[in-house]
Amino acid sequence: MIKVLFVCLGNICRSPMGEFVLKDIVKRNNMEELFIIKSAGTSNEELGNPVYYLAKEKLMEHGISCEGKYAETLNIFDYDKYDYILAMERKNVVDIKRIFEGDINNKVYRLLDFTNDPHDIKDPWYTRDFESTYEDILKGCLAFFEYIKLKLE
Ligand code: 4NP
């Protein structure tokens with residue numbers, strides 16, 4: 001079982017997009033039974049809130065539903081529950097390591113570091129550019145999925 005947790009700040013835009021885009025890729029490849037995929041935020045500001053409507057609409061444009069997802073907050077117990085903790089930007093990585101009191105097993109990655117164009121995924125809450133966010137997340141999820149497939153071979 002490969003256990004993946006996407007993490008952003010609020011868990012209402014980028015990390016739920018990552019969660020549901022990767023779930024969609026895994027489903028299309030008939031590998032659902034091999035993965036557990038979830039998401040959380042480093043802040044508790046949005047705790048319990050649904051996915052932000054513009055993120056939800058962007059996913060729906062691609063036939064991806066995120067129904068039933070409500071924001072959760074990252075906590076120290078998540079460290080042992082997951083194999084890969086996928087952050088959206090460097091600031092998330094810093095916050096994640098603070099919450100986990102380190103990263104002794106090297107589980108924390110920045111999502112686009114799996115691609116050949118590593119960079120932060122900007123926060124669409126501020127940029128309002130959900131299309132660029134979706135494209136970045138799709139690239140990152142595809143690259144991460146290829147990385148896992150190679151490891152499984
Ligand atoms: P996210 O976006 O980290 O991609 O979920 C944000 C959502 C809400 C806030 C910040 C970022 N906020 O400050 O409320």
Side-chain angles (χ1 to χ4, degrees), residues 2-28 35-103 105-148:
I2 299 137
K3 293 168 274 182
V4 184
L5 185 67
F6 286 88
V7 178
C8 63
L9 177 62
N11 192 217
I12 57 167
C13 297
R14 292 164 297 175
S15 60
M17 289 173 88
E19 172 183 346
F20 289 94
V21 166
L22 185 63
K23 279 180 174 163
D24 184 63
I25 293 168
V26 161
K27 190 173 179 196
R28 286 172 194 275
F35 285 82
I36 289 177
I37 305 167
K38 299 207 169 157
S39 64
T42 57
S43 145
N44 63 5
E45 195 112 338
E46 300 291 344
L47 182 64
N49 287 340
V51 177
Y52 187 57
Y53 78 103
L54 291 176
K56 198 177 215 167
E57 279 177 18
K58 187 51 72 180
L59 290 172
M60 282 311 292
E61 268 178 49
H62 299 275
I64 299 172
S65 166
C66 58
E67 221 35 63
K69 168 65 191 173
Y70 298 94
E72 293 166 61
T73 306
L74 188 73
N75 68 71
I76 194 162
F77 303 108
D78 289 321
Y79 196 68
D80 289 335
K81 290 186 192 156
Y82 296 94
D83 306 309
Y84 295 93
I85 317 284
L86 304 180
M88 298 296 139
E89 54 177 290
R90 281 195 207 287
K91 174 74 166 68
N92 301 145
V93 172
V94 171
D95 291 337
I96 291 166
K97 289 184 180 176
R98 179 176 44 75
I99 291 166
F100 288 155
E101 299 174 0
D103 177 20
N105 297 315
N106 296 314
K107 296 180 174 186
V108 182
Y109 298 81
R110 187 176 62 161
L111 181 61
L112 290 181
D113 285 344
F114 289 96
T115 73
N116 53 18
D117 181 22
H119 59 86
D120 283 351
I121 299 178
K122 288 189 195 131
D123 194 336
W125 185 258
Y126 300 108
T127 66
R128 316 309 292 168
D129 182 0
F130 284 79
E131 177 55 29
S132 295
T133 306
Y134 177 82
E135 286 169 17
D136 275 349
I137 285 171
L138 178 61
K139 275 184 214 152
C141 287
L142 288 169
F144 174 72
F145 184 66
E146 287 308 312
Y147 170 85
I148 295 295

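Numbers here are sequence positions counted from 1. Whatever order the structure lists them in is the order used to number ligands and atoms, beginning at 1.
Residues that satisfy the side chain to side chain donor-acceptor pair (under 3.5 Å) test with Ser43, not counting sequence neighbours, are absent from this structure. Looking at residues two or more places apart in sequence or on another chain, you find a side-chain contact (heavy atoms from CB on, under 4.5 Å) between Lys69 and Asn11, Pro16, Glu19, Phe20, Ser39, Val51, Glu72. Checked against side chain to side chain donor-acceptor pair (under 3.5 Å), Glu61 has the following partners two or more places apart in sequence or in another chain: Lys58.
Within 6.0 Å of CZ on Arg28 lie no more than 12 heavy atoms contributed by other residues, nucleotides or ligands.
Every protein residue with a heavy atom nearer than 4.0 Å to ligand 1 is included here: Cys8, Leu9, Gly10, Asn11, Ile12, Cys13, Arg14, Glu46, Asp123, Trp125, Tyr126.
Between Lys27 and Asp24, no side-chain nitrogen of the basic residue sits less than 4.0 Å from a carboxylate oxygen of the acidic one, so the salt-bridge criterion is not met. The pair Asp95-Lys91 counts as a salt bridge, with a side-chain nitrogen and a carboxylate oxygen less than 4.0 angstrom apart.
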